[in-house]
Amino acid sequence: MVEPMKKVNYIVVLLLGIGFAGAAQEQGWQGKFEQLDQLLPTPNSYRSASGAPGVAYWQQRADYVIDVELNDENQLVTGSETITYYNNSPETLSYLWLQLDQNILQRDGIKDKTTPSSVMDSIPTRYFAGFVGGFDYEGGYKIKSVKDAATGKDLPILINFTMMRVDLPAPLKTGEKYSFKVDWSYTEYDRMKFDERGGYEFFPEDGNYLYTLAQWYPRMCVFDDYEGWQNKQFLGNGEFTLTFGDFKVRITVPSDHIVGATGWLQNPKEVLTKQQLERFESAKKTFDKPVLIVTQEEATKKEKDRSKKKSTWVFHAENVRDFAWVSSRKFIWDAMAVKVGDKTPLAQSLYPKEGNPLWEKESTKAIRNTLEVYSSRTFDYPYPTAYSIHTASIGMEYPMICFNFGRPKKDGTYSQRTLEGMVGVIVHEVGHNFFPMIVNSDERQWTWMDEGLNTFLERETTRTRYPDFDVTSGSPKGIASFMRGEKEQMRPIMASSDNQGKSFGPNGYTKPSAALTLLRETIMGPELFDKAFKEYAQRWAFKQPKPADFFRTMEDASATDLDWFWRGWFYSTDNVDTEVDEVKWYRVRSTIADPEKKNVKVKAGEVIGGDGSKANDFSAGPQEFTVTDFNNGKETFRNAEFRSIIDDKAIRGKLEGKNIYEITLKNKGGLISPVIIEWTYKDGSKEIERLPAEIWRLNEKEVKKVFMKEKEVVTIVIDPGQETADVNSSNNSFPKRPQANKFDQLRKN
Ligand SMILES: [Zn+2]
């Protein structure tokens, strides 16, 4: 039988005896600890409430067979592809959508039309050239034909800027597949002129090109359980949302070029010299250092020749969501094998001599570090290879291959900053193999799902493998300056990628990384966090997760309710600003004079200023207060039955002579945060105490908490290690730091 009365009494005892709590302050409630409820989609059979793929989870699939030729004279790319599309959805499809990403550089394209611009007093030429057609480049796809693969009949198409609808000759039912053929061409662009992800770099000194081909073929859009056909145009910031499949790609280039691509080279005997082939074979068995397959001397020698012959490099890739490739006669090539679990992927780097001596020393090593650390936090890297390609000024990722900046000066010297930037971008872009190439999130909608998770693991890799590098970026300390900005000007992390404006960088990359770092180091602890994070990665490897799947899995796998954390960090622009409003120091009065004076705080010295102001330091000494007997010597209906368990004398004895501190904290920034308190004692020793964020659950604006200490405290500092992204450390200490006036501050600067 339930006895509610007893329970109520017991709670009263706890509050009085341990908490010293005053009346709860109800006005501090803003619902910040409530569940996300309608902010998340309702779980269903496709996506479960645990955050795992549901029992009826499905995803589409598209296989590609592509022939492509690159003309080194006029930069024309000519391709022909057969796409086989598998309808695994429960719906019947009467049309398909493809992405025509090259159309972002079309004259009068949607990016041009929707990018605001304005005239200022002085504007670089490149600004106008980019926006109002100052370059003579004719961008965009020329779609030559779209045909049924079996009958050869033309299919009706409709192009909507960066997307193309293909009407099917007959409805495609559940479980059926359909093959069709697309022929196209476009002229590759100069990446040094346009802020795009593929393109080429021309080297005027030797007259050669380095091509990086990306978004170079019409690709299937995603059709899924979440929004049907993906329908967000390619505007530049929001990247890609893609379907898995197998690729067989034949790449024809001048025969003195070296090609790297998504996938494994199928015909090394046809395209490599005997010597290159021997070195390639030896690299596959070498784990301790990179093996040069094409040396700098050999590559430099080739720069003067122009082969009229062509070679066709054949690459196959299984279960990838995209395919990119690179080609140049300038490439130096090194490779080495990496051990992850029972797999031995080949780490490969391609770079022109302009990247050396930095690249031969660092690139392949950075690939190895990335594959090892990321695999330990997620799943063993499943692909047979990972390339790092040197390209000026960008970092960009594709399955098994990525483009990375970091170029020494002409004399071969480089700064620590260049080194850290170069290693950082390689770790980051190789890391993208895990997010979003394998854990295949929708980049067009949510940048943070791949960039944020990836920036977090990039930082973890740098922190553990390059201990002398600066890892402030992506940490809570690093994000504080951004979060200190005007909240009204910001967007939350969850805002759509192309609507982020100036918040794009922090919200896509460093703020989610800082949030995850805070979650790992401070809120959950590494053991719980790593287990839950790995669970998410393994549940959604080779699948298409959405934000709720991440949020739910992190909670489900760790038994930690984090709704307050996602609400504050991902759905709001609040910041952490914890203020130490007041600290009171007490000692227990040794004898109880008057039982009527129960729990009255008696002044011993002027702690509170005569004008009612709060104490700024401990100089006034402790106040005294009385601890009375539990029942005050009276038998009452409410406490009578507890007499036997409360030993008034013993409890009073434990408090005798102790320093008791009551701290009042204020949440000035709105964002709920754990509280880390550093106590410094009179003898110089220190102690760190950690209070979980739930300390704020009864009042989200102000909280009091009482602590008992043997030793006398001289200073109290909140968040001494800057681990909570507190935007204002000047109100974190007691005794309160004297506020420097504006004039003094200016003089210091
Ligand atoms: Zn990235």
Side-chain angles (χ1 to χ4, degrees), residues 101 191 195-199 212 214-215 234-242 262 320-322 324 326 363 366-367 369-371 373-374 377-378 381 383 386-406 420-463 466 469 471 473-475 478-479 482 493-498 500 502-517 533 537 540 545 547 550:
D101 306 278
R191 190 166 38 75
D195 284 324
E196 265 306 315
R197 294 163 174 82
T212 47
Q215 290 81 249
F234 183 34
L235 296 174
N237 274 346
E239 290 187 310
F240 311 111
T241 169
L242 297 155
T262 298
V320 287
R321 54 168 242 166
D322 200 1
V326 298
S363 176
I367 302 174
N369 284 330
T370 311
L371 297 183
V373 175
Y374 276 65
R377 297 292 185 86
T378 56
Y381 183 68
Y383 291 137
Y387 282 94
S388 161
I389 313 298
H390 176 47
T391 43
S393 77
I394 61 163
M396 187 56 207
E397 70 277 12
Y398 297 92
M400 302 186 223
I401 192 165
C402 55
F403 315 152
N404 304 304
F405 59 76
E420 290 189 20
M422 177 258 195
V423 169
V425 74
I426 294 175
V427 171
H428 182 95
E429 307 307 344
V430 173
H432 269 304
N433 275 298
F434 295 81
F435 307 96
M437 300 308 157
I438 295 169
V439 179
N440 184 6
S441 59
D442 178 349
E443 301 174 89
R444 181 97 14 123
Q445 179 70 41
W446 299 287
T447 298
W448 70 268
M449 283 197 77
D450 70 303
E451 296 297 355
L453 272 55
N454 185 42
T455 301
F456 164 71
L457 279 187
E458 174 206 334
R459 188 175 169 276
E460 289 291 277
T461 306
T462 313
R463 184 174 69 80
Y466 300 90
F469 282 19
V471 289
S473 178
S475 72
I479 202 62
F482 166 73
I493 289 176
M494 279 296 288
S496 187
S497 305
D498 278 300
Q500 288 280 0
K502 285 180 183 153
S503 300
F504 179 78
N507 276 345
Y509 296 71
T510 45
K511 186 177 166 186
S513 168
L516 295 176
T517 304
F533 192 85
W540 290 96
F550 177 69

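First listed ligand is number 1; within each ligand, the first listed atom is number 1. Throughout, residue positions are numbered sequentially from 1 according to the sequence presented.
- For the ring pair (Phe, Tyr, Trp, His ring centres under 6.0 Å) test, residues two or more places apart in sequence or in another chain that qualify with Phe533 are Phe435, Phe456, Phe529.
- Aromatic ring pairs are classed by plane angle as parallel below 30°, tilted from 30° to 60° and perpendicular above 60°; the pair Phe469 and Tyr466 is parallel.
- Counting only distances under 2.8 Å, and ignoring water, the protein N, O or S atoms around the Zn ion (ligand 1) are His428 NE2, His432 NE2, Glu451 OE1, Glu451 OE2.
- Qualifying side-chain hydrogen bond (donor to acceptor under 3.5 Å, both in side chains) partners for Glu196, counting only residues two or more places apart in sequence or in other chains: none.
- In this pair, Phe504 and Tyr509 present their aromatic rings perpendicular. The plane angle is above 60°, beyond the 30 to 60° band.
- One side chain, Asn507 or Gln500, offers a donor N or O that lies under 3.5 Å from an acceptor on the other.
- Applying the side-chain contact (heavy atoms from CB on, under 4.5 Å) test to Pro506 and every residue at least two apart in sequence or in another chain returns Ile479, Phe482, Thr510.
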